[in-house]
Amino acid sequence: MGPGHPECPERLDAIEDRLLVTGLDVALERYEAPPAALADIELAHPRLHIAALRGLHDWLREDLEAGGPPYSQIDPDTSINAYTWPAALRSAGAAIAATDAVMAGEIENAFCAVRPPGHHATRDKAMGFCFFNNVAIAAKYALQRYNLQRVAVVDFDVHHGNGTEDILAGDPRALMVGIFQHPFYPYSGEHPAGPNMLNVPVPAYTRGMEIREIVDITWMPRLEEFKPELIFVSAGFDAHREDDMGQLGMTEQDYAWITMRIKDVARRFSNGRIVSCLEGGYALSALARSVEAHLRVLADV
Ligand SMILES: [Zn+2]
């Protein structure tokens, strides 16, 4: 994204370091993400959007060779560089590969430590550090490839998952439940775009215990009624109280708790199948600790 940008490579380094320091890495099975097939990305994005990003990528490379700038700005806070296109393909590819591994029963659940994130990418627009909507692509892929009837998307990023809503709204095979700070970027979500959207906007300074109560009262009955066959998680950790990106009061204990609730639903209805994908989370230490808490519950260690 460019120097000084919060969506930086150090985010994944912080997670990696934390896994090493805690010894958690030896308890986990590691998969490399293959690039997604364009045909799979087309399940969630029209060809014009995909072509535009690929065209921008080629254009940027030509500029670079001619001595031009290393970044090309898409919106005030989203840029691409010469590696964005392959990274975005792998980010979506990770969600798809995780879906395959979980559906094949190789593993019960998966966490995709990916950049760029995805949940702000709408059908035809890259925005908010996102290019392809990794979770929405994988959800559409799971419905088609495995002929599932019901997939759920759980989004606990501090920002509303407007892109995922845009792609999945109105599809009765998908249920999306989300909790996010409001009013706040991207200034959407107050009025759900479809009956399959359960949006819970909460004001700034809502604390973790209050969020737990809201999740129990709102998400849980909907998820239990829906009985998902597979659960995707848009795992953003920017609602952490140490994360200046937002003003919510989550802690790593709250992330462990919310992961347990998701896991309970998965155990009851979806053979434990969960595919979780990293979204936001910009305070490096809090991000790493929160991912650790999330993974300890997912991996049961
Ligand atoms: Zn976010």
Side-chain angles (χ1 to χ4, degrees), residues 1-2 4-12 14-15 74-79 87-88 91-92 94-95 111-122 125-137 153-168 176-190 197 199-208 211 214-215 219 232-252 254-255 258-259 262 276-291 293-294:
M1 290 286 162
H5 196 288
E7 208 294 272
C8 60
E10 287 77 11
R11 298 176 62 226
L12 294 186
I15 293 170
I74 286 183
D75 75 18
D77 43 38
T78 310
S79 299
S91 207
F111 175 71
C112 304
V114 292
R115 298 181 48 247
H119 77 151
H120 293 309
T122 68
K125 197 170 170 211
M127 60 179 276
F129 324 158
C130 302
F131 303 91
F132 296 135
N133 196 312
N134 309 317
V135 162
I137 290 168
V153 174
V154 174
D155 188 331
F156 54 68
D157 191 278
V158 78
H159 304 99
H160 173 232
N162 62 302
T164 317
E165 177 174 82
D166 178 58
I167 293 163
L168 297 180
M176 180 179 182
V177 300
I179 189 161
F180 48 88
Q181 183 176 326
H182 184 83
F184 197 45
Y185 183 88
Y187 307 101
S188 56
E190 197 182 4
M197 295 289 141
N199 297 352
V200 187
V202 295
Y205 307 109
T206 303
R207 290 173 297 113
I211 290 173
I214 292 167
V215 161
W219 283 11
F232 289 94
V233 183
S234 264
F237 298 96
D238 41 9
H240 195 285
R241 65 169 61 166
E242 290 169 28
D243 201 312
D244 294 337
M245 189 68 85
Q247 287 82 40
L248 292 186
M250 293 279 280
T251 62
E252 44 272 45
D254 295 315
Y255 287 117
I258 212 164
T259 310
I262 297 166
S276 175
C277 295
L278 181 65
E279 300 284 0
Y282 305 97
L284 298 180
S285 169
L287 167 66
R289 281 159 20 228
S290 302
V291 169
H294 183 54

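Counting starts at 1 for both ligands and their atoms, in listed order. Index from 1, following the sequence. Just so it is clear, the structure is predicted and the values come from calculations on it, not from any experiment.
By the side chain to side chain contact (heavy atoms under 4.5 Å, CB included) test, Ala239 is found to be paired with Val158, Leu248, Met250, Tyr255, residues two or more places apart in sequence or in another chain being considered. In this structure Ala235 satisfies the side chain to side chain contact (heavy atoms under 4.5 Å, CB included) test together with Phe111, Phe156, Val233, Phe237, Ser276, His294, sequence neighbours excluded.
Between Asp238 atom OD2 and Asp157 atom OD2, the angle centred on the Zn ion (ligand 1) amounts to 90° (nearest 10°).
For the Zn ion (ligand 1), the set of nearby N, O or S atoms under 2.8 Å includes none belonging to His120.
Here the N, O or S atom of His159 that is nearest to the Zn ion (ligand 1) is ND1.
Between the side chains of Glu252 and His240, at least one donor N or O sits under 3.5 Å from an acceptor N or O.
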(request) Apply the test side chain to side chain donor-acceptor pair (under 3.5 Å) to residues Ser234 and Asp157: give CA-CA distance (whole Å), side-chain angles for both, the deciding distance (0.1 Å), then the verdict. (result) CA-CA 7 Å; Ser234 264; Asp157 191 278; over 6 Å; no
